Amino acid sequence: MSTVYNLKREVEKPARLTGGHRLCAGCGAGVIVSGVLRALNKEDRAVVVNATSCLEVSTFMYPYTAYMDSYIHSAFENSAATCSGVEAAYNALKRRGKVEETVKFITFAGDGGTYDIGFQSLSGAMERGHDMVYVCYDNEAYMNTGIQRSSSTPRFARTTTTPIGSVGQGKKQNKKDLVEILVAHNIPYVAQTAPIGNFKDLHTKSYKAIYTEGPCFLNVLSPCPRGWDYPMAKLSEITKLAMDTCVWPLYEVEEGVWHLSYTPKKKLPVEDFLRPQGRFKHMFQKGNEWMIEDAQAYVNQKWERLLEHTGA
Amino acid sequence: MSNCLSGNEAVAYAIKQINPDVMGAFPITPSTEIPEYVANYVANGEVNTEYVTVESEHSSMSVCIAAQAAGARSVSATSSCGLALMYELLYVAASCRLPITLACVNRALSGPININADHSDSMGARDTGWIQIYAENNQEAYDNFLMAMPIGETPSVRLPVMTCMDGFITSHAVENMELLETDAVRKFIGEYNPENYLLKRENPLAVGPYDVSAYYMEHKVLEAEAMKAAKARILEVAAEFEKISGRSYGLFEEYMMEDAELALVLIGSSAGTAKAAIDKLRAENVKAGLVKIRVFRPFPGEELARALAGTRAVAVMDKSEGFSANGGPLFAETRSALYDLKVRPYLIDIVYGLGGRDVKTEDIEKVFGRLADIAVTGETQPVYTHMGQRSKEEIA
Ligand SMILES: Cc1ncc(C[n+]2csc(CCOP(=O)(O)OP(=O)(O)O)c2C)c(N)n1
Ligand code: SF4
Ligand SMILES: [Mg+2]
């Protein structure tokens, strides 16, 4: 196939995640799953794995599945081990002549299922080297259970377990840098991406992840209008702001070599990303200017560090 | 062929003969040797099992669930805390109707941490939807493991099977035992050909839905029906197994029960001790007998009631504390099973052997002594006691 990305050609492929699922309108997760699965070569089959999450309960509610491919959900904390098990079965059955064709293995889990409760399972699967792709759709909180904080939730964000009160000022800790931890696993391909523009970045990275042998990891920004508290029509606007403020840089690490995928023409102040979202509203109250300053300093520091890695 | 093997080696050897597609491997005393033996079979090319060295028992069971759903025969082995860590997934395995085989080498649960045998691990998992078959000795551990797949994989059953043996007492003791020829084993087990599986080319499959109230109960009833259907299948498989092995198995074993007036009901390796005590008592004209439960799930309630119908006093011996304040799990099942009898024997519960506390023939004789008194006086109080625990003064 041609390696030049062509959105029109891609969307003409039969959809592997069909409509009619129950994700909220404007949810990033559905766009991400369609985008990743679209990167599969048409003739290749896949087994899709889900961790318990908004995505899982919305796309496979008995007796309807939204997936055209085989699919398994087992629990919240074990999607990587589950994917390992399917891949192990594939190796065994292939060796014994019971399966012949190419099958790819792709896991989708939320940030809670990845940064937190599924972290051990993920680390184990990556270390063992299964030929699989693990996609974290990162909406920065436990959305399915009603917006509780995770270790991916950014500092100051309001969630139902980090509420704003006379003392409470949202989440106290910074977001865990999961991508760096995955890079430290020395796996062939790790990337951070987002469903942005014509989906080229998401597509290209998904294709690489799917067709690179061994364990590959994608961290994908997944805006959630419910949890982030912004109007649902603003998916692409919010995503773009996350990139242009360098809150969510796009980059990849191939065989240990870092590469920056996107440099904003003009790096916007972090408050441009924070302002449209209700979860950061308290940061704009009088007397809380320091929060925005701290948030900006943190983004700058992470961005500088990334530039050092990528040599950009 | 006659061989000297430990219980762990016997189960590992069964795995070698079966050559399953996938094994999830994680160490925990006293089951560790099982994955170790299999690792050597893999290293020597004696099996071509996909041997997945997971980072926890949680992942071990997760791998088995996924692999079995994908169309592969999957096995694992664990004990105690390992089984407890699998707890949530045991339900997933059973409700997805995946006939995984798990060797549980029984060990006490923490805390305090203790590595010796009792049944608190597998008893904690008794309501997860797994078939549970317990062994008295190495031979039974081997035989039960071989029978697990033909039972679990039957279309009317499709449930996971846990084969249990007592840690150290059975898992580490070396005994003389009979092994089947590998060809005979392969023929007996057959190929695993599930109707639907993830890797089936013609028909994609979705496993593990979010199930709404409108369907959930129907699914649970199907699972319950499968567990009922398992009883007949267990006996069928036992009959087939007898043809190739000459060894006969039922839902439980009755020892000297034809005319028994006083009887014990227990599980596992203590049956050997009980049989020795019964032989001695029989020589003294005490009509003592034993029912050794082999299949705990599905529980053979009606059959057990029939076996105990002619007795006058029965002691259930529980090798786990259920903390129900009303007796151990085997007692609860047995008492419930006896309820429908018109004339019931007196019934007491004795919790024993926790954390590897030894039980001797003299201890069993004492239980029969108490049953003899109860048969005369009708006085069962206290109904629920613990055997062999020391008093505060003794410990001090
Ligand atoms: C062991 C376990 N603990 C808790 C839950 C409840 N639970 C289900 S989904 C979920 C949050 C999922 O968060 P995340 O992974 O970020 O996905 P999201 O819903 O945000 O997309 C929680 C807490 C569970 N299903 N299993
Ligand atoms: S709550 Fe958020 S993550 Fe969940 S379906 Fe709605 S938009 Fe998507
Ligand atoms: Mg989330």
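For clarity, every value in this text was computed on a predicted model and none was experimentally measured. All chains are named by letter (A, B, ...) in the order of the sequence lines, taking the proteins before the strands, and each is independently numbered beginning at 1.
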- Counting only heavy atoms closer than 4.5 Å, note whether Thr49(B) contacts chain A via side chain, backbone, both or neither. both
- Query: From Leu93(A) CG over to Glu50(B) CD, what is the distance, rounded to the nearest 0.5 angstrom?
  - Reply: 10.0 Å
- Message: Need one label for Asn19(B): side chain, backbone, both or neither, based on atoms under 4.5 Å from any heavy atom in chain A.
- Response: both
- Top residue by heavy-atom pair count (under 4.5 Å) with chain B, among Ala92(A), Ala88(A), Gly124(A)? Ala88(A)
- Note on the structure: Separation between OH (Tyr210(B)) and CG (Asn50(A)), nearest 0.5 Å, reads 15.0 Å
- Message: Using a 4.5 angstrom heavy-atom cutoff, name the option from Ser79(A), Ala80(A), Ala89(A) with the most pairs to chain B.
- Response: Ala89(A)
- Query: Top residue by heavy-atom pair count (under 4.5 Å) with chain A, among Ser62(B), Pro20(B), Gly24(B)?
  - Reply: Ser62(B)
- Part of residues 112-122 of chain A lying next to chain B, heavy-atom separation under 4.5 Å: Gln120(A), Ser121(A)
- Query: If every non-hydrogen atom of Arg96(A) is compared with every non-hydrogen atom of Asp21(B), which pair is closest and at what distance?
  - Reply: NH1-OD1, 2.8 Å
- At a heavy-atom separation under 4.5 Å, does Val92(B) approach chain A through its side chain, its backbone, both, or neither? side chain
- Heavy-atom contacts under 4.5 Å, residues 66-78 of chain A to chain B: Met68(A), Asp69(A), Ser70(A), Tyr71(A), Ile72(A), His73(A), Ser74(A), Ala75(A), Glu77(A), Asn78(A)
- Message: Below 4.5 Å, heavy-atom pairs only: which of Asp211(B), Asn48(B), Leu89(B) has the largest tally toward chain A?
- Response: Asn48(B)
- Side chain, backbone, both or neither: which part of Val47(A) has a heavy atom under 4.5 Å from chain B? side chain
- Task: Please say which of Val48(A), Val86(A), Val103(A), Val49(A) ends up in a side chain to side chain contact (heavy atoms under 4.5 Å, CB included) with Leu198(B).
- Result: Val86(A)
- Pairing of Arg128(A) and Glu55(B) as salt bridge, 4.0 angstrom limit: yes
- chain B contact via Val99(A) - which portion, at a heavy-atom distance below 4.5 Å: side chain
- d(Asn193(B) CG, Lys98(A) NZ) to nearest 0.5 Å is 5.5 Å
